[in-house]
There are 2 protein chains.
Amino acid sequence: MTRYYNGYEQHLVALDCIVFGFDEGELKLLVLKRKFEPAKGEWSLMGGFLGKSESLDEAACRILSQLTGLSNIYMKQLLVFSDVARDPGARTISVAYYALIKIDENDRLLAETYGAEWVPIKQLPPLIFDHSQMVEKALEALRRRTSREPIGFELLPVKFTLPQLQSLYESICGELLDKRNFRKQILETGLLVKLDEKEKESSKKGAFLYKFDHNKYNSYVEKGFLFQLKVKSGHIIKGNNSLQV
Amino acid sequence: MTRYYNGYEQHLVALDCIVFGFDEGELKLLVLKRKFEPAKGEWSLMGGFLGKSESLDEAACRILSQLTGLSNIYMKQLLVFSDVARDPGARTISVAYYALIKIDENDRLLAETYGAEWVPIKQLPPLIFDHSQMVEKALEALRRRTSREPIGFELLPVKFTLPQLQSLYESICGELLDKRNFRKQILETGLLVKLDEKEKESSKKGAFLYKFDHNKYNSYVEKGFLFQLKVKSGHIIKGNNSLQV
DNA sequence: AGCCACAAGTGTAAAAGATACACTTAAAAA
DNA sequence: TTTTTAAGTGTATCTTTTACACTTGTGGCT
């Protein structure tokens, strides 16, 4: 096939996936102990190599599904890392992808089956090579994208409560948000459907479940509507029954 | 060197540069007629291949400088294009970069020397392969980034007038802006330095020249300041001496 | 049965920011 | 001297964002 472009260098093209999940009110990352040399046994992202007859998007899906059994996952290309010496095993370039996973929906044990582990993002161990940089960049991208597109829902179960959603946004942007303002804003989009069920795990009163209306969102997008969540300057919420006279 | 990772496919890694310039009040793109097969003679972006001992950023700079003589240019990685059949010449993946150039500063003839041409973005000819898609994505990225970072200045000469700057922003976002609001907003940042000189090409009165204060910007950024230009819903400006009773 | 503890849920007023808008000024050309 | 052209300037209205505190529902405890 390579009739043209003779004489140019060929390269190993790796892929690494930054896999985000949200569980127990925390943003988490899926990491695993590397099973081969070099750096065998150290913590790393999920990775693999680009094959002959697949696009990068296809390869990213393949790798994620081989290593976790998951499919039909939100994935996005992030950035290529290409320092000449980034991987001591060989000269490789690595295309980083990030993925958003609904942890609840999938068997939480699945990860362990494959030797992977969900680690809170605040307690990440050191990762091999430039993987920590990749995580850093992925977090920035996630923050940016979250405020422009309704991708937060990819991290929650199909049915979720508003307190859950708020907590998710707070974990992503690293700031507390005002409950009333948050609700007002998110409900104003008209994209959430209130269900008749309540979730009662996290409180006695229970919180109503909602669904995100993908169809409505898509038709809005076609009409030029822009999802925008102003998740900027949150503040510590005070004055909640902390004083009693 | 490749002691590890044996048996994995190697790939040709191309780079393509979307080179933006701003001239005669228009956003322009640098394109050239391809000098080799396949698709010889057709319009394409500037491209090349990743070498053995260079990072992608280095390669992108090298390619731009080989093909235009320019160096010290703002460049940013955009996205990798990797469809299996994207290039009929061979299976390649291509990392797209976009660059912002101050056309005035550099010899405008330079382009021609190298067989390249500045084409207004609204009159782009069809480009080979997936290059038109790349341009599309680059424009989106430029629009997004322009509103979050002061990169517009990379497209203007070091000294510029406010009408020039406004016209640049209008070309990028594709909408007319209100003169007074634009000036207020951009001057409020405190990042423009008014000079004592006037530029008198485009009007009899002449417009004052300004410089962008990079140092100040950098120190602001360290303090957490965020550049934000709200360049959203512009409108057609009416009422300017168009009626005379 | 009643009380307590806990998180869910709800509205409004003040402040900040964005928008719309029209005339004056400077200087070259006629 | 007049005309023409684009540069330059301020304010009032509207919209959006922010700050803020009490009531409700329910399970568990006594």
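Residue numbering restarts at 1 for every chain, and letters A, B, ... go by the order of the sequence lines.
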If we only count heavy atoms from C-beta on, is the [X] to [Y] side-chain gap below 4.5 Å?
X         : Y         : value
Leu32(B)  : Ser44(B)  : yes
Ile121(A) : Phe20(A)  : yes
Tyr210(B) : Leu187(B) : yes

Quiz item: Looking only at side-chain N and O atoms, does Arg183(A) come under 4.0 Å of OP1 or OP2 in dT10(C)?
Solution: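 True: Arg183(A) side-chain N/O within range (under 4.0 Å) of dT10(C) OP1/OP2.
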Self-check item: Angle of first-five versus last-five pair axes in the helix from dA1(C)-dT30(D) to dA30(C)-dT1(D), to 10 degrees
Solution: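 Comparing the first five pairs with the last five, the axes sit 0° apart.
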Length of the [atom1]-[atom2] vector between [X] and [N], whole Å:
X         : N       : atom1 : atom2 : answer
Lys184(A) : dT15(D) : NZ    : P     : 16 Å
Asn181(A) : dA13(C) : CG    : C1'   : 13 Å
Glu197(B) : dA26(C) : CD    : P     : 20 Å
Ile186(A) : dT10(C) : CD1   : P     : 15 Å
Phe182(A) : dT10(C) : CZ    : P     : 14 Å
Glu199(A) : dG9(C)  : CD    : P     : 10 Å
Asp178(B) : dT11(D) : CG    : P     : 16 Å
Leu162(A) : dT10(C) : CG    : C1'   : 12 Å

Quiz prompt | Earlier contact from the 5' end, DNA chain C, for Arg180(B) and Glu188(B) | solution =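 The residue closer to the strand's 5' end, by nearest nucleotide, is Glu188(B).
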Self-check item: For Asp57(A), salt bridge (charged side-chain N to carboxylate O under 4.0 Å, His left out) partners two or more places apart
Solution: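 Not a single residue meets the salt bridge (charged side-chain N to carboxylate O under 4.0 Å, His left out) criterion with Asp57(A).
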Quiz item: Which residues satisfy the salt bridge (charged side-chain N to carboxylate O under 4.0 Å, His left out) test with Arg148(A), sequence neighbours excluded?
Solution: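 Checked Arg148(A) against salt bridge (charged side-chain N to carboxylate O under 4.0 Å, His left out); zero matches.
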Practice problem: Indicate the ring-plane relationship of Tyr98(A) and Tyr74(A), choosing parallel, tilted or perpendicular according to the 30° and 60° boundaries. | Solution: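 It falls in the tilted class, 30° to 60°.
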Practice problem: Describe the nucleic acid contact of Ser202(B) in one word from base, sugar-phosphate, nothing, applying a heavy-atom distance below 4.0 Å. | Solution: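 Sugar-phosphate contact only.
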Self-check item: B/S/- contact track for nucleotides 25-30 of chain D, protein heavy atom under 4.0 Å
Solution: BBB---
Quiz item: Quick one: salt bridge (charged side-chain N to carboxylate O under 4.0 Å, His left out) pairs with a partner in residues 134-147 of chain B, sequence neighbours left out?
Solution: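 Found Arg145(B)-Glu149(B).
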Output side-chain donor-acceptor pairs under 3.5 Å for residues 154-165 of chain A, partner residues at least two apart or in another chain, one line each.
residue: Lys159(A); atom: NZ; partner: Glu197(A); partner atom: OE1; Å: 3.4
residue: Lys159(A); atom: NZ; partner: Glu197(A); partner atom: OE2; Å: 2.7
residue: Thr161(A); atom: OG1; partner: Gln164(A); partner atom: N; Å: 3.1
residue: Gln164(A); atom: OE1; partner: Thr161(A); partner atom: N; Å: 3.3

Practice problem: Run the numbers on Phe227(A) and Val221(A) for side-chain contact (heavy atoms from CB on, under 4.5 Å), then give the verdict. | Solution: CA-CA 8 Å; Phe227(A) 181 90; Val221(A) 167; over 6 Å; no
